[in-house]
Every structure is written in structure tokens, then in C-alpha cells.
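Just the heavy atoms: all of them, side chains too, but no hydrogens, waters or symmetry mates, feed the values below. Only a predicted model underlies this, so the values are computations on that prediction, with no experimental measurement involved.
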Amino acid sequence: MIDAAAHWTRAAAAIAARKYEEAYDHLRILAGVVDRIDFEYEEWIRALLDVCRHLGRWRQVAACAAYLGTTEGGS
């Protein structure tokens with residue numbers, strides 16, 4: 001079983017420390033968790049979008065933005 005709270009805490013800490021690869025790893029795990037309420041899952045996807053933007057992973061940015069129904073991905 002995935003400890004979502006632990007992954008989210010680690011991802012947030014990695015983002016704060018600008019360790020985007022590390023944050024990406026945790027957020028990708030969280031993206032696979034489908035039994036969460038929408039606002040929590042969307043928070044994870046917004047964070048993943050931001051991390052992917054920092055890493056230049058534009059396909060993932062586009063996928064996250066499409067899920068969120070926005071054009072906030074940018075380039």
C-alpha cells in the first residue's frame with residue numbers, strides 16, 4: 001500500500017529544496033493513486049505540472065494541464 005501522505009511530504013520538501021527530480025519521483029507515484037478526492041489529487045497534479053515545467057518535460061506538462069482542463073502548462 002502506498003503511503004500517500006509520506007510521498008506528498010517528501011515531494012513538497014524536495015520542491016522547496018529545488019530538487020525537482022526527487023519531487024518528480026514522488027509525484028509520479030502519487031499520480032497513480034486513484035482513490036483520492038478530487039481536490040487532493042488535483043493538488044498533486046498541479047505540483048507535478050510545475051515540477052515537469054522546471055525539468056522541461058513538456059509532454060508531461062501538457063498531460064497534466066489537459067487533466068486539469070487548463071492551459072496553465074505554458075512553455
Side-chain angles (χ1 to χ4, degrees):
M1 183 167 174
I2 294 173
D3 185 350
H7 282 289
W8 177 241
T9 299
R10 290 179 186 130
I15 291 168
R18 297 183 179 186
K19 296 180 179 178
Y20 298 116
E21 285 289 345
E22 182 181 333
Y24 178 81
D25 293 339
H26 292 291
L27 291 167
R28 287 288 296 165
I29 292 168
L30 291 173
V33 177
V34 295
D35 65 344
R36 295 297 165 156
I37 51 181
D38 286 344
F39 75 85
E40 183 178 28
Y41 190 78
E42 288 177 5
E43 182 178 27
W44 298 343
I45 299 301
R46 279 189 189 88
L48 182 58
L49 183 150
D50 188 49
V51 165
C52 287
R53 187 182 301 126
H54 282 286
L55 295 173
R57 295 183 179 179
W58 302 114
R59 287 183 185 182
Q60 290 94 334
V61 169
C64 291
Y67 173 82
L68 294 169
T70 68
T71 57
E72 63 185 273
S75 59

Could you list the donor-acceptor pairs under 3.5 angstrom formed between side-chain atoms of residues 3-19 and any protein atom two or more places apart in sequence or on another chain?
| unit_1 | atom_1 | unit_2 | atom_2 | d |
| --- | --- | --- | --- | --- |
| Asp3 | OD1 | Ala5 | N | 3.4 |
| Asp3 | OD1 | Ala6 | N | 3.2 |
| His7 | ND1 | His26 | ND1 | 2.9 |
| Thr9 | OG1 | Ala5 | O | 2.9 |

Review item, side-chain donor-acceptor pairs of residues 36-45, under 3.5 Å, at least two apart:
| unit_1 | atom_1 | unit_2 | atom_2 | d |
| --- | --- | --- | --- | --- |
| Tyr41 | OH | Ala31 | O | 2.6 |

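For the pair Val51/His54, no side-chain contact is recorded, criterion being any heavy-atom separation below 4.5 Å from C-beta on.
Nearest heavy-atom pair across Arg53 and Val61 is N-CG2, 3.4 Å.
Under the rule for a side-chain contact (heavy atoms from CB on, under 4.5 Å), the partners of Arg57 that lie at least two apart in sequence or sit in another chain are Glu21, Tyr24, Cys52, Leu55, Gln60.
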